[in-house]
Amino acid sequence: MTRTNGKKDCTISIDINWLYQTLRQHMGPSGWWPAEDKRDIIVGAILVQNTAWQNADISLNRLKHRTGLNPEAMLALSQPELIDLIKVSGFYRNKAKAIHNVFKWFNDRNWDYAGIASRLSQPELRKQLLELPGVGQETADVYIVYIFDQPAFIADSYTRRLFKHLGYQKTDTYQHLKQQITLPSNFTYQIAQDFHGQLDEFGKQYLQRDDTFEDSFLAQKLAEYQQAQKRQ
């Protein structure tokens, strides 16, 4: 990575293993994504788009109370019924269509997560997910990591904010950052799940405003890391 500070360029190279271990050491296991069942995650990942998790959680609980997220019961809901149940999460018409389409896609494949993952390469699986209306890049990657149990990098908004502080220049879009990051070969899906949780929890605590990163433990550790890199 190259970062320009107005006077000179300096090369920034962040070891993802170092970042993960630093976050985990200071914050502990993330326990993310908290869910009783993978269908909670499938629906929650759609409901949380462009809204706070608190709103998504209200809608998710209303759906669970009404249907138990049973596929037949979910698919039997009319669009007006589904919209009414998830209205608090916003963008409810698009989200209702997305939930129906995603449930139908999984239902047509007998909810066989392992079977789906074994039959498709990760790029092909991601391509099929992105073809579903209402499933964008972040939601597709969430499904890959938390539904299909495969390691992948989720470049959500908190993560992009953090990597900008780490010296990465192209953090303006999901795809720009994702193209720059390759997860280490030792990353299992469990580590990828925890890593995403660590990044989001850090974001909630230190990246709500631009000026709070410098007060974080990671800012100090980053300075020490960069000094060590220069000495090598």
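Just so it is clear, the model here is predicted, and its values are computed rather than measured.
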Which pairs count as side chain to side chain donor-acceptor pair (under 3.5 Å) when at least one residue sits in residues 65-74, sequence neighbours excluded? R66-E81
Quick one: [atom1] on [X] to [atom2] on [Y], what's the gap to the nearest 0.5 Å?
X    : Y    : atom1 : atom2 : result
I46  : N101 : CD1   : CG    : 8.5 Å
D141 : D156 : CG    : CG    : 10.0 Å
I16  : I191 : CD1   : CD1   : 12.5 Å
L63  : D40  : CG    : CG    : 10.5 Å
Q205 : T212 : CD    : OG1   : 10.5 Å
E224 : K221 : CD    : NZ    : 4.5 Å

Pair D112, R109 - check side-chain contact (heavy atoms from CB on, under 4.5 Å), show working. CA-CA 6 Å; D112 181 11; R109 290 156 181 78; 5.9 Å; no
On the ring face of [Y], is [X] found with NZ or CZ under 6.0 Å from the centre and within 45° of the axis?
X    : Y    : result
K204 : W32  : yes
K87  : Y92  : yes
K38  : Y146 : no

Please report the C-alpha distance between H176 and Q169 in whole Å, then the side-chain angles of each, then the deciding distance to 0.1 Å, and finally whether the side-chain contact (heavy atoms from CB on, under 4.5 Å) criterion is met. CA-CA 9 Å; H176 279 166; Q169 290 186 326; over 6 Å; no
Side-chain contact, heavy-atom cut-off 4.5 Å: [X] with [Y]?
X    : Y    : answer
Q79  : R93  : no
F103 : R39  : yes
K104 : L75  : yes
D172 : L177 : no
T51  : F91  : no
Q198 : S30  : yes
H100 : L77  : no

Measure from the side-chain N and O atoms of [X] to the backbone N and O of [Y], and report whether any donor-acceptor pair falls under 3.5 Å.
X    : Y    : value
R24  : F195 : no
Q193 : V145 : yes
Q180 : K170 : yes
D84  : P80  : no
E201 : H196 : no

Same cluster or not: are [X] and [Y] linked, directly or through other Ile, Leu, Val, Met, Phe, Trp or Tyr residues, by side-chain heavy atoms under 4.5 angstrom apart?
X    : Y    : result
V48  : V88  : no
V135 : I144 : yes
I41  : Y189 : no
I86  : M74  : yes
L132 : L82  : yes

Set of residues satisfying ring pair (Phe, Tyr, Trp, His ring centres under 6.0 Å) with respect to Y143, sequence neighbours excluded: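 Applying ring pair (Phe, Tyr, Trp, His ring centres under 6.0 Å) to Y143 gives none.
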What residues, two or more places apart in sequence or in another chain, satisfy ring pair (Phe, Tyr, Trp, His ring centres under 6.0 Å) together with Y174? none
Where [X] and [Y] come nearest, the two heavy atoms and their spacing:
X    : Y    : result
L19  : L199 : CD2-CD2, 4.4 Å
I154 : T159 : O-OG1, 3.6 Å
L47  : K95  : O-NZ, 2.7 Å
A140 : L130 : CB-CD2, 3.9 Å
T139 : A45  : OG1-O, 3.7 Å
P151 : L183 : C-CD1, 4.1 Å

Would you say the side-chain atoms of [X] and [Y] include a donor-acceptor pair closer than 3.5 Å?
X    : Y    : result
N55  : S89  : no
N107 : W111 : yes
T188 : Q190 : yes
Y225 : Q220 : no

Can you say whether the rings of [X] and [Y] are parallel (under 30°), tilted (30 to 60°) or perpendicular (over 60°)?
X    : Y    : answer
F217 : H26  : parallel
H165 : F213 : parallel
F106 : F148 : parallel
F202 : Y206 : tilted

Passes side-chain contact (heavy atoms from CB on, under 4.5 Å), D37 versus L69? Steps please. CA-CA 9 Å; D37 184 86; L69 300 187; over 6 Å; no
Derivation and outcome, salt bridge (Lys or Arg N to Asp or Glu O under 4.0 Å), residues R119 and E124: CA-CA 10 Å; R119 290 191 295 272; E124 179 57 31; over 6 Å; no
Given side-chain contact (heavy atoms from CB on, under 4.5 Å), test D194 with Y20 step by step and report yes or no. CA-CA 9 Å; D194 190 43; Y20 170 61; 2.7 Å; yes
Mark yes when over 12 heavy atoms from residues, nucleotides or ligands other than K178 sit less than 6.0 Å from its NZ; otherwise mark no.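 Atom NZ in K178 is crowded, with more than 12 foreign heavy atoms closer than 6.0 Å.
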